[in-house]
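Reading through the structure tokens given below for one structure.
From a predicted model like this one, the values you see are computed outputs, not experimental measurements. Read the numbers this way: they start at 1 and go in the same order the structure lists the ligands and their atoms.
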Amino acid sequence: MAQPAQPAPAPSPSPTTGPGTDTEPLPADHVIVLFGATGDLARRKLLPGLFHLARAGLMPGRYRIVGTAPAAESLTDEEFREHARQAVAEFGRAQPEGPAWEAFAAGLSFGAADTGAAQPLVAAVRTAEEAVGGSPHRLFHLAVPPVAFASVIDLLGATGLARDGRVIVEKPFGTDLASARALNATIHAVFDESRVFRIDHFLGKEAVDNILALRFANGLFEPLWNREHISHVQIDVPEHIDIQGRAHFFEGTGTFRDMVVTHLFQLLGFVAMEPPVTLEADALRDEQVKVFHSMRAVDPAHVVRGQYAGYRAEPGVDPESDTETFVALRVEIDNWRWAGVPFHLRSGKALAEGRHVVTIGLREPVLRMFPLDAREAADGRGNEIVIDFADPGSITARFLVKEPGPSMRLAEADMVFAYRTSFAAENSLEGYEHLLLEAMRGNQALFTRSDGVERLWEVATPLLDAPPPVEPYAPGSWGPDSIDALVEPYRWYLPDRRDHEP
Ligand code: BG6
């Protein structure tokens, strides 16, 4: 079989900067090792994401990608290239063709690895390093189920592959405080914390960086961001999809562990943090972890767990399952900025829409100067800042204006900034792409840290120990009815707060 061409140097206009990044350096040369290379995550996100980075000129000048899996699922190099080609064709933004694909595919190889029998992988990594030349960085991506984390870490330690390498660990990071601590101990036995990149793909979304920009780059917003001016905050991530056949995973996990302890709490850290001294990883994560330490433990009385009608009939689900497919909760942050400001969080499957929305509810000013009917029109309509972090996302400021006409009546108006109409969206990276790039750059700012992860499990413990029973809800709804009482005297902003009015 003909040898594939060598990967061409990255098609970057300059050796040190990539398009769309202006000032950020390209990552140093790398050998990336993908554990779980034949699995779902690699197929849907990682292989298409790496190819997109290559097309965007954001991969290192020289790199190789080594796929690995147990020997029972071993592929030849050629089969792995074909596997990657199909993955990119199905899930990528650009088709796997032309010189860009040829160059990318030429850098793919495969080496199987089992505990005690990792020789094919070790040989493949060595060959890849020789092809790159010099001393490339090693980056291991553990796209494997949590049960396999420890054995892969042990394998990396035992073979010496781990030396000077970095490791990306997928979620879920433990299922409670004890398991998270045990997993951290296993990882730290081989990789010190500065080389560990715990991935939460929500932190790779543009809007997370944009929360930092909105809050800390604007005199317009920064002075408002505290309990003096903000009455409540909502972090709302309803999903339209159901469990999509993932009964095995879901039954053992549930929405609280799958979405809240991970994605929603991480977002909360960014919405609520104090200004970091810099955007460097340590400074940023110190502030985020301080928020987690200020959080009160979750009170089960402030939690609604739901389960969509029909869930128990899904193949693989226990007919008496108590697993939640929905959760809404109120959490409190007991610090000087946020004391007394409730944070309402919601996420669930099979809901009416899939959305990602953070709403900041601002306190109402005194309306006495307005005539009575104007005040009635304004009743309950405080100002809001709504951050919709769908890709590409938008930010809306909602406020009151005078309705045109002879009388003084107040009405709501929106000031909308939409990424789609404001910037060239082709420069944007999908969450995983952004995080893979940051891991190659060695920047941990958008990755979770061991102390933060453990603290979040600690906060979650009262709920895990005594969960309230699940309440049923209709697929296509916004969750069980009792969620309205949970947020009183406020209201859920989705689907649209106007729809909630009597
Ligand atoms: C994953 C969860 O981490 O995030 C899934 O395991 C969920 O259950 C997904 O559907 C949501 O991610 P996104 O980016 O599509 O909102």
Side-chain angles (χ1 to χ4, degrees), residues 36 39-46 48-49 52 91-93 141-147 149 168-175 180 197-211 234-270 305-308 311 314 316-317 321 323-328 345-358 387-394 419 428-436 446-448 453 456 460 475 479 494:
D40 207 43
L41 183 65
R43 205 164 60 90
R44 286 172 185 272
K45 297 281 186 193
L46 306 183
H52 182 248
F91 297 106
R93 292 197 238 178
H141 194 133
L142 271 52
V144 294
V147 287
F149 286 163
I168 299 179
V169 186
E170 282 294 331
K171 67 176 272 271
F173 200 85
T175 52
F197 293 73
R198 292 176 199 78
I199 211 161
D200 183 312
H201 77 278
F202 268 47
L203 296 189
K205 291 180 189 280
E206 281 283 346
V208 170
D209 277 352
N210 211 12
I211 288 174
Q234 283 185 13
I235 301 178
D236 204 359
V237 185
E239 293 190 277
H240 187 57
I241 53 169
D242 59 17
I243 59 161
Q244 299 192 302
R246 298 193 303 159
H248 179 68
F249 163 76
F250 216 79
E251 274 288 271
T253 310
T255 297
F256 181 70
R257 287 185 169 95
D258 185 37
M259 296 295 290
V260 177
V261 186
T262 51
H263 307 320
L264 273 66
F265 279 174
Q266 292 296 333
L267 282 179
L268 180 146
F270 276 77
R305 293 169 71 241
Q307 190 185 71
Y308 64 81
Y311 173 73
E314 299 256 11
V317 171
S321 171
T323 301
E324 81 281 356
T325 60
F326 172 101
V327 69
L345 278 48
R346 166 170 65 178
S347 188
K349 301 279 192 236
L351 296 178
E353 285 176 42
R355 298 285 297 274
H356 302 77
V357 180
V358 174
I387 306 165
D388 188 325
F389 59 102
D391 279 334
S394 64
Y419 265 98
S428 73
L429 297 179
E430 195 259 342
Y432 259 104
E433 294 164 0
H434 185 187
L435 293 173
L436 287 168
L446 295 176
F447 294 85
T448 61
V453 170
L456 289 179
L494 290 175

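- Of all atoms in ligand 1, listed by their number and element, those nearer than 4.0 Å to a heavy atom of Arg246 are 5 (C), 6 (O), 8 (O).
- Taking a cutoff of 4.0 Å between a charged side-chain nitrogen and a carboxylate oxygen, Arg355 and Asp388 qualify as a salt bridge.
- Salt bridge annotation for Glu170-Lys45: absent, with no cationic side-chain nitrogen under 4.0 angstrom from a carboxylate oxygen.
- Protein heavy atoms are found less than 4.0 angstrom from atom 16 (O) of ligand 1.
- Between the side chain of Glu324 and the backbone N or O of Phe256 there is at least one donor-acceptor pair closer than 3.5 Å.
- With Thr325 contributing its side chain and Tyr308 its backbone, the two residues share a donor-acceptor pair below 3.5 Å.
- With atom 14 (O) of ligand 1 as the reference point, the heavy atom nearest to it among Arg257, His201, His263 is part of His201.
- Near Lys349, meaning under 4.0 Å from one of its heavy atoms, ligand 1 places the atoms 5 (C), 7 (C), 8 (O), 10 (O).
- Side-chain atoms of Thr255 do not come within 3.5 Å of backbone N or O of Gly348 as any donor-acceptor pair.
- Of the protein's non-hydrogen atoms, the one nearest atom 6 (O) of ligand 1 is Asp258 OD1, 2.7 Å.
- Ranking the protein heavy atoms by distance from atom 11 (C) of ligand 1 puts Glu239 OE2, 3.5 Å first.
- Atoms of ligand 1 found under 4.0 Å from any heavy atom of Lys171 (numbered from 1 in listed order, with element): 1 (C), 2 (C), 3 (O), 6 (O).
- By the criterion of a heavy-atom distance under 4.0 Å, the side chain of Ile241, and not its backbone, is placed next to ligand 1.
- Near Met259, the atoms of ligand 1 lying under 4.0 angstrom from a non-hydrogen atom of the residue are 7 (C).
- In this structure, Gln307 contributes its side chain and Thr323 its backbone to a donor-acceptor pair below 3.5 Å.
- Residue-ligand proximity, His356 to ligand 1, at heavy-atom distances under 4.0 Å covers atoms 13 (P), 16 (O).
- At least one side-chain heavy atom of Leu494 sits less than 4.5 Å from a side-chain heavy atom of Pro238.
- Under the 3.5 Å distance criterion, with hydrogens and angles disregarded, a donor-acceptor pair is assigned to the side chains of Glu251 and Tyr311.
- Between Phe250 and ligand 1 there is no heavy-atom distance shorter than 4.0 Å.
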